[in-house]
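Predicted model only: the values in this text are computed from it and were never measured. Residue numbers count from 1 along this sequence. As the structure lists them, so they are numbered: ligands from 1, and atoms in each ligand from 1. For the numbers below, each heavy atom of this structure counts, side chains included, while hydrogens, waters and symmetry mates do not.
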Amino acid sequence: MKILLLGSGELGKEFVIAAQRIGQTVIAVDSYKNAPAMQVAHGFEVINMLDGTELDRIVAKHKPDFIVPEIEAIRTERFYDYEKQGIIVVPSAKAANFTMNRKAIRDLASKELGLKTAAYRYATTALELQKGVEAVGMPCVVKPLMSSSGKGQSTIKTTDDIEKAWQYAVEGSRGDVVEVIVEAFVKFNSEITLLTVSQNNNPTLFCAPIGHRQERGDYQESWQPARISDQDLYEAQDMAEKVTEALGGAGLFGVEFFLANDGVYFSELSPRPHDTGMVTLAGTQNFNEFELHLRAILSLPICSITLEKAGASAVVLASQNSINPTFTGLEKIAALPKTDFRIFGKPSSRPYRRMAVALTNDTLETPIEEITERAIQAAALLKVHS
Ligand SMILES: Nc1ncnc2c1ncn2[C@@H]1O[C@H](COP(=O)(O)OP(=O)(O)OP(=O)(O)O)[C@@H](O)[C@H]1O
Ligand SMILES: [Mg+2]
């Protein structure tokens with residue numbers, strides 16, 4: 001099968017490796033040359049994926065069996081057309097298109113499916129935002145409808161913050177329409193990603209929940225399994241099944257939830273492997289999240305997902321702008337027991353760019369905090385140099 005991978009970051013790279021291992025062909029696409037996934041793919045294309053004409057051109061050129069999006073910032077409206085042409089868009093054109101815009105996915109989850117979410121409103125002006133803040137109460141979180149990795153996102157604590165939050169969201173917004181969502185702040189005890197695998201002609205499967213900690217809109221550490229009550233897990237699985245079924249198609253989804261005193265809140269989802277799911281590269285499961293995504297896409301039955309070990313991942317971030325950064329500390333991290341790492345091979349760095357990840361594991365009986373702490377310490381040994 002021929003796969004056109006749209007987005008060639010570290011998650012795409014692991015997906016390509018999984019595909020290579022079972023003899024599939026992948027053309028990796030991104031906006032810059034030598035992106036991580038391109039380094040291991042059969043071919044590559046450098047285009048602006050928000051440009052529909054450019055997308056059409058490479059789809060016509062490569063005639064893929066599958067289109068696998070790795071990122072959100074794609075002219076996803078074109079996906080409906082590719083589906084009509086008989087190409088399988090993963091997991092479905094609807095899933096990719098809906099999750100690109102917070103409004104589409106939130107209204108589907110809350111209004112259509114009745115899932116529990118934070119109270120929310122939309123706003124297209126600072127005045128509307130003020131009304132929205134009054135409706136949902138303070139503190140609240142403002143996010144551009146089109147953005148990811150926390151871009152343009154801020155918290156409003158007093159009415160003085162409203163104007164600032166509006167400006168910040170406008171600046172961090174991707175796409176032509178400027179609109180924001182304002183959500184009541186959920187005082188959660190923890191947050192989890194529930195990796196959910198939709199299969200063609202086979203039941204939906206769940207990975208053990210992944211806990212994570214976010215800073216500046218990006219995850220810093222993730223661990224599996226996360227601590228969760230049976231009741232909360234049951235509710236999260238039920239919500240994940242409903243939302244993935246409504247979006248349709250086969251593949252792995254990363255469904256994000258907040259765990260609070262008054263239960264589980266649905267937050268958002270990625271219709272593809274999730275960055276916090278890199279913890280599965282630590283050998284926690286019989287298949288990692290990239291292998292699961294691939295198998296589901298190719299309609300290869302997955303009998304069961306088993307948790308083999310407890311594990312953690314911790315990110316290694318760059319601190320400076322540089323071209324062809326180098327790394328030191330590999331021998332130090334390699335000397336640690338039950339520890340591994342991935343260096344993504346990004347051709348340039350900028351402050352806070354994720355460049356590598358440290359991975360640790362241990363028996364299921366080991367306290368997960370201990371395994372996570374080891375991942376953090378391991379990550380600190382890998383240094384990025386310009
Ligand atoms: N309503 C909320 N209440 C409390 N915390 C929130 C709320 N919304 C978002 N957050 C915090 O901000 C983080 C990022 O939010 P969200 O996942 O909606 O943004 P994102 O830009 O899509 O992030 P990413 O693309 O990295 O998943 C959440 O993981 C959570 O820690
Ligand atoms: Mg998120």
(request) Treating Ile, Leu, Val, Met, Phe, Trp and Tyr as nodes and any side-chain heavy-atom pair under 4.5 angstrom as an edge, say whether Ile17 and Ile343 lie in one connected cluster. (result) no
(message) Given a threshold of 2.8 Å, state how many protein N/O/S atoms are nearer than that to the Mg ion (ligand 2).
(response) 3
(request) Describe, in one word, how the ring planes of Phe188 and Phe258 are oriented to each other, choosing from parallel (under 30°), tilted (30 to 60°) and perpendicular (over 60°). (result) parallel
(request) Would you kindly check if the NZ (Lys) or CZ (Arg) of Lys94 is within the cone defined by 45 degrees around the ring axis of Phe98 and under 6.0 Å from the six-membered ring centre? (result) yes
(request) Kindly write out the residues that satisfy salt bridge (charged side-chain N to carboxylate O under 4.0 Å, His left out) with Lys338, not counting sequence neighbours, or none if the list is empty. (result) Asp362
(request) Report yes or no: does Glu221 contribute a side-chain atom to a donor-acceptor pair with the main-chain N or O of Ala375 at less than 3.5 Å? (result) no
(message) Which residue in the set Pro91, Pro273, Ser270 passes side-chain contact (heavy atoms from CB on, under 4.5 Å) when paired with Phe253?
(response) Pro91
(request) With the side chain counted from C-beta on, respond yes when Leu247 and Ile105 share a heavy-atom pair under 4.5 Å apart, and no when they do not. (result) yes
(request) Return the set of residues passing salt bridge (charged side-chain N to carboxylate O under 4.0 Å, His left out) with Glu14 (not counting sequence neighbours), or none when no residue passes. (result) Arg342
(message) Are more than 12 heavy atoms, taken from residues, nucleotides or ligands other than Lys309, located less than 6.0 Å from that residue's NZ atom?
(response) no
(request) Sort out the contact shell of ligand 1: every protein residue with a heavy-atom distance below 4.0 Å, listed by chain and number. (result) Arg102, Val141, Lys143, Ser148, Ser149, Gly150, Gln153, Glu183, Ala184, Phe185, Val186, Phe188, Glu191, Gln214, Gly217, Glu256, Phe258, Glu268
